[in-house]
Structure formats: C-alpha cells, structure tokens
Amino acid sequence: MIVELESVSSADEIAQGEGITWGLAESPFGWCSLGWTSRGISHLAFHDSPDGEPEALRKRWPLAIFRRNDVAARTEILKILRDSGIHRVVVAGTPFQIQVWKHLIRIPKGSVSSYLDLAAAIGKPRAVRAVGSACGANPVAWVIPCHRAVRVDRKLGGYRWGLDRKAAMLESESE
DNA sequence: AGGACAACGGTCT
DNA sequence: AGACCGTTGTCCT
C-alpha cells in the first residue's frame, strides 16, 4: 500500500469548501470513523461501538459541514485492509508532527521502528519523547501507521487507541 | 527482570 | 511560565 501525504497548515483548510464526508465502518480492529475530502483521508479514529456520532470530527472541524456516507467508508476500509492501491491523506499539523508522520508512512508493513530511530531520522535524536507525542497526535490512525512505532527495546510503548489494538494490528501484519 | 528517576523536546494552557 | 507526554538511559534492588 502506498500512502501519499499532503500537509496543510490548518484543519480549517481541509474542511473549507466541500466540507467533510464521513462514515462509520467495521474493521478487524473494531469500529472506526473515517473522514475525507476529494483531496484524501483526513480522519481515522477507532470506537468501542457504532453508537453515537464521533465527537472527534466535530471537535476537529467545529464549523464544517458534514455529509455521511457509511457505504463509501466501508469500501475504503476494505481497500485499506486489502493493502492495495494508493491512499491519499491530507492532514494538518505542526512542521515537527508532519515530519514524524511522513517517516511513519515509510515503515514497511511487517516491520517496526523505534521512537529513537524516528527521532534520529528526523535529525533530532534527543526528541524521542516528542516523537511519541507526535505519534499520539496522528489524525489518521492505521493508514499513517503509528502503531509501527515501538520502544527501543521492542516493547509496545503506548497507543492512543489501546494497547490491545496495537498488539492486534502488529500481529496481523507479521504474517 | 523490574522499579524509581532525571533529562530530554515539542505542544498546549 | 508550567505542565503534560505513546521515551530513554542510568542506577538501584
């Protein structure tokens, strides 16, 4: 799977114009909400249940117009699961976060990279902890594979969406 | 092997 | 200015 990452300076810039299309879909790792525009996916978060509207979307784009399309979300999730094709992603973040996310998409499926490796790759070998924070701020889980970032001793470290989920994702990729 | 702890850099209030 | 962290290295038991 190829991920093309486009970065913009503010979240508003993403929602501006056509608004955000979003949908809920079931994945092997639980329910997730997907948000996108014609420029690419800009949101992927996990949920314990399909009930209720994902608050994260409204929080990220307080003024945006939303259009719901669960069928398209499901189709996209299947494509991601199939690990095929090119996925365009458009995200807003600080320059540092963008750097981290761009490095994350280069970690091949089936392998992992340590927070220390990522920090060194960016040229800031002491910013390991900040790299962890940047991973946690990843707005497009799974597609931007922050679950492939682990501790230097190969222990899992943390995961915003639960360590069980991180373990399950890595397990499914190691085969 | 595992716990306590200081130091680190980026981000938010 | 201070507090929070998906960390790491070191110094213990």
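Values reported hereafter were calculated over all heavy atoms of this structure, with side chains retained and with hydrogens, waters and symmetry mates removed. Just so it is clear: chains get the letters A, B, ... in the order the sequence lines come, proteins before strands, and each one is counted from 1. Remember, predicted model here, so these are calculated numbers, not experimental data.
Counting non-hydrogen atoms under 4.0 angstrom, A:Ala130 reaches a base of the nucleic acid. At a threshold of 4.0 angstrom between heavy atoms, the contacts of A:Lys166 include nucleobase atoms, whether or not backbone atoms are also involved. In this structure, A:Ala149 reaches the bases: a heavy-atom distance under 4.0 Å links it to at least one base atom across the strands shown. As judged by a 4.0 angstrom heavy-atom cut-off over every strand, A:Arg126 is placed among residues touching the sugar-phosphate backbone only. Residue-level contact check: A:Phe96 touches the backbone only, with heavy atoms under 4.0 Å from sugar-phosphate atoms and none from bases.
Pair check for C:dG9 finds B:dC5; Watson-Crick or G-U wobble, both atom distances under 3.5 Å.
Of all non-hydrogen atoms in A:Ala64 and A:Ile20, the two that sit nearest each other are CB-CG1, 4.4 Å.
Within the model, atoms OG of A:Ser114 and NZ of A:Lys155 stand 15.0 Å from one another, a figure rounded to the nearest 0.5 Å.
Here the range on DNA chain C touched by chain A, meaning any atom under 4.0 Å from one of its heavy atoms, is C:dC5 to C:dG9.
We find that CZ of A:Arg129 is positioned 14 Å from P of B:dG10, with the value rounded to whole Å.
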For A:Glu55 and A:Arg58, run salt bridge (charged side-chain N to carboxylate O under 4.0 Å, His left out): C-alpha distance rounded to whole Å, both residues' side-chain angles, the deciding distance at 0.1 Å, then the answer. CA-CA 5 Å; A:Glu55 263 179 53; A:Arg58 291 252 172 233; over 6 Å; no
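Between A:Ser133 and A:Ser114, the one whose closest nucleotide on DNA chain C sits nearer the 5' end is A:Ser133.
Of the possible polar contacts, none joining the A:His147 side chain to the A:Ile144 backbone as a donor-acceptor pair under 3.5 Å is found.
Here B:dG2 is the nucleotide among B:dG2, B:dG9, B:dG10 with the atom lying nearest to any side-chain atom of A:Lys155.
A:Trp36 has its side chain out of reach of A:Val89: every pair of non-hydrogen atoms, C-beta onward, lies at least 4.5 Å apart.
Ring geometry, A:Phe46 versus A:Phe29: the interplanar angle exceeds 60°, so the pair is classed perpendicular (tilted spans 30 to 60°).
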